[in-house]
Amino acid sequence: MRLARILPQLCLACGVLLLAGCAATRNKAPVEDRLPQHAASRLPPAPAAAPGADSASPAIADAAKPLPGAENAGKPGYYTVKPGDTLIRIGLDNGQNWRDVVRWNSIDNPNLIEVGQVLRVLPPQTDAAAVAARGIAAAKVEAKPLDGKPTAAAAAAPAASAASAPAVAAATAQTPQPPPSPPSDDEPNWAWPASGAVLAGFDEGRQKGLAIAGKAGDPVLAAADGRVVYAGSGLRGYGNLVIVKHNNTYLTAYAHNQALLVKEDQGVRRGQKIAEMGSSDAERVQLHFEIRRQGKPVDPARLLPQR
């Protein structure tokens with residue numbers, strides 16, 4: 001009798017549970033989008049694909065787009081940008097004024113170059129094969145091979161308009177100097193850039209030039225007539241740096257200065273004071289001096305006069 005009273009209640013409860021389960025099945029909860037809101041806001045809207053069109057991502061299409069100058073990769077007179085490269089470094093390693101590289105390649109922003117981009121590092125209308133052959137035939141000193149190609153620069157010309165490279169303010173006003181002779185292939189009349197003792201000599205693969213001792217503020221002199229193609233601190237490891245181009249073949253670099261006394265595109269004479277010795281980006285006061293032949297470091301001791 002008691003079981004007869006409970007049985008209808010149990011059937012009613014089972015029916016309620018069954019209906020609730022069916023309702024849950026019909027009204028399934030939405031899947032939660034766990035992509036952070038700030039990340040989702042950066043995603044571009046998906047374009048509507050035309051019927052029969054390829055639905056490949058635009059990002060993939062952009063990745064497949066060739067970089068500027070890619071058709072010249074591997075050709076003489078061209079350089080492929082590598083990770084860590086800057087235009088100042090590329091100019092130094094190829095014996096060129098970085099501003100000329102900007103102009104030859106129509107670069108809008110010198111601070112933005114891409115890995116894999118191919119840059120012209122010889123003046124237009126230059127026979128790169130002839131330059132390379134002349135460099136091999138005329139080599140007189142050992143040179144450390146770098147990634148850059150042998151090059152020859154055009155006669156010094158007004159720099160193209162471009163973003164200014166980092167520079168150190170001149171410590172003293174300079175007396176205007178007469179412009180040097182036009183660049184040529186003649187051997188420069190070399191002079192020592194500082195009077196101190198040599199702390200470390202040229203060592204292929206380790207030391208690209210000479211380390212010359214001195215005191216802070218000692219004069220740093222131009223090693224030959226030429227024109228300043230860089231004066232600043234934008235090349236890591238060199239501190240306050242001056243680069244002078246002497247002719248179509250040679251340039252010199254003067255690093256770790258405490259003050260720079262010349263500006264880019266300024267003509268200088270052999271023995272002219274162009275900087276003051278310092279310890280910028282170095283452990284002690286010294287002058288790091290390089291001679292580069294068509295962009296490749298050579299032993300300065302084999303070119304400088306005997307003391």
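All of these numbers come straight from a predicted model, not from anything done at the bench.
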Heavy-atom pair of closest approach, residues Arg120 and Val101: O-CG1, 4.0 Å

CD/Glu71: more than 12 non-hydrogen atoms of other groups inside 6.0 Å: yes

Aromatic ring proximity, centroids under 6.0 angstrom, Tyr78 and Trp104: no

Lys/Arg-Asp/Glu bridge criterion (N-O < 4.0 Å) met for Asp100, Arg103: yes

Arg270/Asp225 salt bridge by N-O under 4.0 Å criterion: no

Polar side-chain atom of Lys208 near backbone of Phe202 as donor-acceptor pair, under 3.5 Å: no

Donor-acceptor contact below 3.5 Å, side chain Asp85 vs main chain Lys82: yes

Minimum heavy-atom distance between Leu261 and Glu276, given as atom pair plus value: CD1-CG, 4.3 Å

Counterpart residues, salt bridge (Lys or Arg N to Asp or Glu O under 4.0 Å), relative to Arg89 (two or more places apart): Asp93

Note, Tyr238 side chain near Leu92 side chain (heavy atom, < 4.5 Å): yes

For the student: nearest non-hydrogen atoms of Leu304 and Trp190, plus distance: CD2-CB, 4.0 Å

Least distance between heavy atoms, Arg227 atom then Asp265 atom: NH1-O, 2.7 Å

Residue pairs involving residues 210-219 (criterion salt bridge (Lys or Arg N to Asp or Glu O under 4.0 Å); sequence neighbours excluded): Lys215-Asp218

Hydrophobic cluster membership, Leu235 vs Ile107, 4.5 Å side-chain cutoff: yes

Gln286 and His288: side chain donor to acceptor below 3.5 Å: no

